[in-house]
Amino acid sequence: MKRALILLGHADPASFNKSIATSYQAGFRGAGGEAELVTLSELQFDPVLRHGHRGEQALEADLVDLRARIEAADHLVWVFPTYWVSPPAVVRALVDRLFVPGWAFAYEAGKALPKGLLAGRSSRVLTTMDSPSWWYSLWHYRAIHGAFVNGTLRFVGLAPVKLSALYETRNRTAAQRERWLAEVRAIAAADHARCPEAARRPLQLRAPGGALAS
């Protein structure tokens with residue numbers, strides 16, 4: 001059975017983003033898969049990467065648990081509002097702390113670009129923003145696509161990575177929001193059909209001292 005891990009980057013349980021996350025969960029389950037929802041703001045961890053990538057920083061229990069869930073997933077789903085043309089701080093903090101060399105990616109001798117160690121998994125980003133689509137594209141240069149989709153998720157080997165956005169969210173009527181939630185359920189079913197299963201390559205975890213070990 002295909003497994004999706006949904007990472008919600010909005011802390012408010014009454015938010016529209018929470019409705020998006022639960023709609024995606026229902027759609028993926030309805031297609032025959034498993035779908036687990038994690039609210040990132042409920043995790044307990046230091047959001048600061050204290051030494052950059054220069055040294056080890058022990059993972060808190062919640063991050064150790066979440067890392068295991070990511071390893072077990074076939075499909076990673078990110079649901080968050082776009083703040084200041086970027087994901088919320090809790091999403092970036094999670095990436096900073098968890099997507100570290102030796103687990104999420106690794107540089108190889110003689111190669112300019114790193115190897116994405118999360119390969120074999122697909123990903124979906126679902127985001128809301130108040131900007132109209134033309135403003136996001138022309139003035140903000142599709143920043144989420146560049147920094148988060150390409151610079152983060154594809155960088156660590158996730159593929160394919162798809163992004164769906166609801167623009168001008170603050171102006172949407174209740175009926176329009178319901179139609180979007182129905183579309184999210186359909187997106188989840190389509191993602192279930194095409195996401196990989198049991199084809200993930202084993203992650204290369206960093207051994208003590210920084211060396212890579214299978």
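D74 and K2 are not joined by a salt bridge, as no carboxylate oxygen comes within less than 4.0 angstrom of a charged side-chain nitrogen.
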All N/O donor-acceptor pairs, side-chain side in residues 28-35, below 3.5 Å, sequence neighbours left out:
| residue | atom | partner | partner atom | Å |
| --- | --- | --- | --- | --- |
| R29 | NE | A35 | O | 3.3 |
| R29 | NH2 | A35 | O | 3.0 |

Going by atom type alone, with no hydrogens or angles, which donor-acceptor pairs under 3.5 Å involve a side-chain atom of residues 82-98 and a protein atom two or more places apart or on another chain?
| residue | atom | partner | partner atom | Å |
| --- | --- | --- | --- | --- |
| T82 | OG1 | T127 | OG1 | 2.7 |
| S86 | OG | Y83 | O | 3.0 |
| R97 | NH1 | D46 | O | 2.7 |
| R97 | NH1 | E60 | OE1 | 3.1 |
| R97 | NH1 | E60 | OE2 | 3.2 |
| R97 | NH2 | A58 | O | 3.0 |
| R97 | NH2 | E60 | OE1 | 3.2 |

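Applying the side chain to side chain contact (heavy atoms under 4.5 Å, CB included) test to S122 and every residue at least two apart in sequence or in another chain returns H75, P160, C195, P196. Checked against side chain to side chain donor-acceptor pair (under 3.5 Å), Y136 has the following partners two or more places apart in sequence or in another chain: H145. Annotation: side chain to side chain donor-acceptor pair (under 3.5 Å) contacts of N150 (sequence neighbours excluded): R154. The side chain to side chain contact (heavy atoms under 4.5 Å, CB included) test applied to F16 returns S19, I20, T128, L166, T169, R177, W180, L181, not counting sequence neighbours.
Of the possible polar contacts, one joining the D130 side chain to the R170 backbone as a donor-acceptor pair under 3.5 Å is found. Between the R69 side chain and the L5 main chain, no donor and acceptor come within less than 3.5 Å of each other.
V77 and F99 fall into different hydrophobic clusters, where Ile, Leu, Val, Met, Phe, Trp and Tyr are joined by side-chain heavy atoms under 4.5 Å apart, directly or via other members.
Residue I6 is tested with V38, L76, L126, L37 for a side-chain contact (heavy atoms from CB on, under 4.5 Å); the sole match is L37.
A distance of 6.0 Å or more separates the ring centres of F155 and F148.
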